[in-house]
Chemist: 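Below is one structure. I have some questions about it.
To find a chain, count down the sequence lines: A is the first, B the second, and so on, and within it residues start at 1. Since this is a predicted model, take the numbers as computed values, not measurements.
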There are 2 protein chains.
Amino acid sequence: MAGSARKTDTRTQQAYQTLKGLIMDNALKPSASYLETELAEMLGMSRTPVREATLQLESEGFLSIRPRHGITILPISIEDMQDIYDLLTELEPYAAEKVARDGLSEHGHTLLMSHVSAMDAALQANDLIAWAYADEAFHMDLVRLAGNARLSKIVSTFWGQVHRARMATLTLRPKPVRSNEDHRRLVSFVQSGDWQAARNLHREHRKNAKTMLVDLITHHNLNHL
Amino acid sequence: MAGSARKTDTRTQQAYQTLKGLIMDNALKPSASYLETELAEMLGMSRTPVREATLQLESEGFLSIRPRHGITILPISIEDMQDIYDLLTELEPYAAEKVARDGLSEHGHTLLMSHVSAMDAALQANDLIAWAYADEAFHMDLVRLAGNARLSKIVSTFWGQVHRARMATLTLRPKPVRSNEDHRRLVSFVQSGDWQAARNLHREHRKNAKTMLVDLITHHNLNHL
DNA sequence: CCGTAATTTAATGCATACATTAATTAATGC
DNA sequence: GCATTAATTAATGTATGCATTAAATTACGG
């Protein structure tokens, strides 16, 4: 599952986690609309925490609240994908550069390599879903290692927004072997402190991802996932 | 004023606009704490819309809600400034590149140049506050012209967060004459479609801004504005 | 006199009731 | 029969009250 409802304290947080999870897992369908009351009933709580959660999710781009038209799960269009990947293509390479400059800790190296191994294993087992999650974990942890909380939040939100599209195209794309080569090389550049190589490689890596996804979506007529 | 409360419909939006304005204008002091009830009374409404507004403002980094410790206006530290400017140094040059690549419309050119003129006039009149607002408008409009709504939102939030620091250091910095030279050159690069020059110039422009601000804050011992 | 536990206090989390207002339906006139 | 307007409906916006729980205070024991 994508954002499996973690054990949180308040109902607002529960609602946030659960709804986000349902949206990312495609259980709440894009373009579908719901009323506050429906969602509240669905989650077994009153409207208040649901409202607070949906307001949050709206500002993060997962849904749209139109006062008398209900709460609509936002589909992701090609334009959205392009906009998001364009920004990730700026932000993730910056993160790679930063980590390379500041130095990769032992712990950081272990963390990243564990994801690389997980991806290798997943590919071996032909488990594309496992691969996708390990890929996501790798990219997010690299960004987190850059130590800029605002950056982490933004990148995390964007990965959340494209999650459905990534999962939907998983079986349509070629096996991501080359991708994992990039990851290994990236870690080595980062570890050796070669920030320019790290930045450039990661930039190309992201550009490739964008091109591939946009082409896939175009050719398979998958607009509005 | 910074975020002068525009005429909005709902009380939640009113509360959001008003509080954001008060925070940016330094009327609600950084590090000060308030209770939901206090703010509600202050704004002449019940706790509900105040809660919704403060949740929003928290997720945008303007304040922090700690359940039994009140709502604290977040001060901005040097580390915050560095993190924010590092990201703006990636994002704004990208915007400049994008606009240069896609082409600057007649309207866009007029818009940007109007801000440049406003800055010139402000400098002539020694009105640093007017200059600061025109500078902000220039940078934000350039980003908007890139046509990536997510980018605009992020950059706007960041400028909001550093607003207090910029205003506080306004009289401490040298007169920003060179800055406006940059703006003129940038517009000309963008208009001529020279995206590499536009990107590079804007990148340097942002780097300089970062260095200057961070140095000022350090030397004047202005941590936690 | 100090530290721990029980009690009190009060702020938030949440539910609910009500007010408001937009959408829908009905009604009226042309 | 159609269009315009009034009446109705229902969903959201907001206020409020209660429950919960953390902080503060007091009381008690060592």
Side-chain angles (χ1 to χ4, degrees), chain A residues 3-23 27-75, chain B residues 3-23 27-75:
Chain A
S4 54
R6 266 171 292 171
K7 52 199 164 298
T8 45
D9 256 335
T10 71
R11 288 192 199 287
T12 300
Q13 287 168 270
Q14 276 175 241
Y16 173 86
Q17 290 293 153
T18 308
L19 288 175
K20 187 170 165 183
L22 291 171
I23 293 170
L28 292 180
K29 298 295 180 196
S31 295
S33 281
Y34 305 90
L35 299 176
E36 283 183 2
T37 318
E38 287 182 66
L39 295 179
E41 197 165 343
M42 191 185 292
L43 301 181
M45 55 182 71
S46 82
R47 281 174 50 217
T48 308
V50 170
R51 277 206 105 201
E52 293 181 352
T54 51
L55 279 172
Q56 210 62 32
L57 289 166
E58 182 186 42
S59 88
E60 289 171 13
F62 288 102
L63 49 83
S64 151
I65 303 175
R66 287 186 315 157
R68 305 277 151 182
H69 299 264
I71 292 154
T72 308
I73 312 303
L74 285 179
Chain B
S4 53
R6 265 172 295 170
K7 52 197 166 297
T8 46
D9 255 336
T10 73
R11 287 192 199 287
T12 300
Q13 287 168 267
Q14 276 176 239
Y16 173 86
Q17 290 294 152
T18 308
L19 288 175
K20 187 170 166 186
L22 290 172
I23 294 170
L28 293 180
K29 298 294 180 196
S31 295
S33 281
Y34 305 89
L35 300 175
E36 283 183 0
T37 318
E38 287 182 66
L39 294 179
E41 196 166 343
M42 190 185 293
L43 301 181
M45 54 181 74
S46 82
R47 281 174 47 218
T48 308
V50 170
R51 277 206 105 200
E52 294 182 353
T54 51
L55 280 172
Q56 210 61 33
L57 289 166
E58 181 185 41
S59 87
E60 289 171 13
F62 288 101
L63 47 84
S64 152
I65 303 176
R66 287 186 316 158
R68 304 278 152 180
H69 300 263
I71 293 154
T72 307
I73 312 303
L74 285 179

Chemist: At under 4.0 Å, does any side-chain N or O of B/T12 touch on OP1 or OP2 of D/dT14?
Modeler: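 So the side-chain polar atoms of B/T12 do come within 4.0 Å of the phosphate oxygens OP1 or OP2 of D/dT14, strictly under.
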Chemist: Using whole Å, what does the distance between atom P of nucleotide C/dT12 and atom CZ of A/R11 come to?
Modeler: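 Answer to the nearest Å: 19 Å.
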Chemist: I want to confirm an ordering. Mapping B/R47 and A/H69 to their closest nucleotides on DNA chain C, which one lands closer to the 5' end?
Modeler: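 With B/R47 and A/H69 compared, the 5'-side residue is B/R47.
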Chemist: Among C/dT16, D/dT14, C/dT12, which is the nearest nucleotide to the side chain of B/T48?
Modeler: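 Within the option list, the nearest is D/dT14.
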Chemist: Could you state the CD1-P distance from A/I71 to D/dT12, rounded to the nearest angstrom?
Modeler: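 Taking atom P of D/dT12 as the reference, CD1 of A/I71 is at 6 Å.
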Chemist: Roughly how many Å is it from OH in B/Y34 to C1' in C/dA11, rounded to a whole number?
Modeler: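 Checked: the OH to C1' distance equals 18 Å.
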Chemist: Which part of the nucleic acid does B/R68 contact within heavy-atom distance under 4.0 Å: base, sugar-phosphate only, or nothing?
Modeler: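 Since a base atom lies under 4.0 Å of B/R68, the category is base.
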Chemist: So do the side chains of A/L55 and B/Q56 get within less than 4.5 Å of each other, counting heavy atoms only?
Modeler: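 The answer is yes, as the side chains (C-beta and beyond) meet within the 4.5 Å cut-off.
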Chemist: So, for A/A15 and A/A53, which heavy atoms are closest and what is the spacing to 0.1 Å?
Modeler: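 Smallest heavy-atom distance, with atoms named: CB-CB, 3.7 Å.
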Chemist: Rounded to the nearest angstrom, tell me the gap between atom CE in B/M45 and atom P in C/dA19.
Modeler: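 In whole Å, C/dA19 P and B/M45 CE are 19 Å from each other.
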Chemist: For B/G61 and B/L74, work out which heavy atoms get closest and say how close.
Modeler: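 It is O-CD1, 3.7 Å.
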Chemist: Please report the closest heavy-atom contact between A/I73 and A/L28, naming both atoms and the distance.
Modeler: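 Shortest heavy-atom separation between A/I73 and A/L28 comes out as CG2-O, 3.9 Å.
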Chemist: Watson-Crick or G-U wobble partner for C/dC14, using a 3.5 Å limit on both distances?
Modeler: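 Result: D/dG17.
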Chemist: To the nearest angstrom, how far is B/E36 atom CD from C/dT12 atom P?
Modeler: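 Nearest whole value for this atom pair: 5 Å.
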Chemist: Take atom CD of B/E52 and atom C1' of C/dC14, then tell me their distance rounded to the nearest Å.
Modeler: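 Distance check: B/E52 CD to C/dC14 C1' gives 13 Å.
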Chemist: Would you kindly give the CD-to-C1' distance between B/E38 and C/dA11, to the nearest whole Å?
Modeler: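 Atom CD in B/E38 sits about 11 Å away from atom C1' in C/dA11.
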Chemist: Can you measure A/L35 atom CG to D/dA10 atom P for me and round it to whole angstrom units?
Modeler: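 Whole-Å distance recorded here is 12 Å.
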